[in-house]
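We use all heavy atoms of the structure for the numbers below, so side chains are in, but hydrogens, waters and symmetry mates are not. Just follow the structure's listing: the first ligand is 1, and inside any ligand the first atom is 1.
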Amino acid sequence: MLTQINGLHHVTSLASGAQSNNDFFTKTLGLRRVKKTVNFDAPEVYHLYYGDEMGTPGSVMTYFPFPGAKRGRPGAGEVSVTTFAVPKGSLPFWADRLATFDVKNIAPHTRFGENRLHFDGPDGDGFALVETEDDRAPWEGQGISADHAIRGFHSADMRLRDAGASAELLFMGYEQADTEGDVTRFHMPGGNGADVIDIETLPGAAAAQQGAGSVHHLAFSVTDRAAQVEVRKALLDTGWQVTPVIDRDYFWAIYFRTPGGVLFEVATNEPGFDRDEDSAHLGQALKLPSQHEHLREKLEQRYLEPIRD
Ligand code: ZN
């Protein structure tokens, strides 16, 4: 069993438009855009990162906005809901606020005794807020005070056909915590706050079809490159197909596809989002990795729609 993983690092999803995506995460949810770059594997598409002040691992929601992309079809084999932690007593504020911003499918409910508020993202993405005790510092802005502001991720839900896929979570160091209905909760002891995974088991569900609003992958956090090498070796030794270590400029990444269908990444907490711009101006300028810098003029003129903040 691995001991290097701390919880979630980031969640990456697909969107149909950069402007609506930016507005939702910065203006409606009050997160900070901590990086404006491109998909390193398809540089004509943005890669937008939203999180707390510094984009602390465990707080970072990221998007590839493909202009006009068709919506995904929810189903089995995907991350169905991404849940952010908010302070106790703040859900009434959020229910009002989300309604004011015309957010769809706002629905309060409880799970494992926790108060939650489900809502849809701009492309039908599944999101929830959950009230928890959480000492992580929030990013404040857009009229959202520290009493209400998002602390980072709490958890992600995976919707799967069978619970066998929990094996990789146990291998990664998660512990089975509780079951309620179709949902089994896994928790990372001593984790980073973004340290819960809920698996919803739906044996008869049709396979999900990826599109706008779908989660592309779930990234788990390790402290540094040495820990990542240990994780990669352990995964390979156990028979997983794992990519080589890939430099993503703000972290190093390895990827592997789980049997349930969800793509996992293990990402380092180093070097972080302030490696190429100062912390006061994170996310403002278009940052390109060195291999794509020569494309800047073409990308800005032809492919990347300007984003109004
Ligand atoms: Zn990633």
(request) Would you mind listing every salt bridge (charged side-chain N to carboxylate O under 4.0 Å, His left out) that reaches into residues 11-24, with sequence neighbours excluded? (result) D23-K27
(message) Quick test of your reading: applying ring-ring contact (aromatic ring centres under 6.0 Å, His included), list the pairs with at least one residue in residues 285-309, sequence neighbours left out, ordered by first then second residue.
(response) none
(message) Please verify the inter-ring angle class for H10 with H217; under 30° counts as parallel, over 60° as perpendicular, anything in between as tilted.
(response) perpendicular
(request) Measure up the F25 and F127 rings against each other and bin them: parallel (under 30°), tilted (30 to 60°), perpendicular (over 60°). (result) perpendicular
In a table with atom names and distances, give each donor-acceptor pair under 3.5 Å that connects a side chain of residues 77-89 to protein atoms at least two apart or in another chain.
from, atom 1, to, atom 2, distance (Å)
E78, OE2, G75, N, 3.1
E78, OE2, R159, NH1, 3.0
T83, OG1, R116, NH2, 3.4

(request) Have a look around the Zn ion (ligand 1) and list protein N/O/S atoms under 2.8 Å, or say none. (result) H10 NE2, H217 NE2, E265 OE1
(message) Whether E230 and K233 form a salt bridge (side-chain N of Lys/Arg under 4.0 Å from carboxylate O of Asp/Glu) is what I want to check.
(response) no
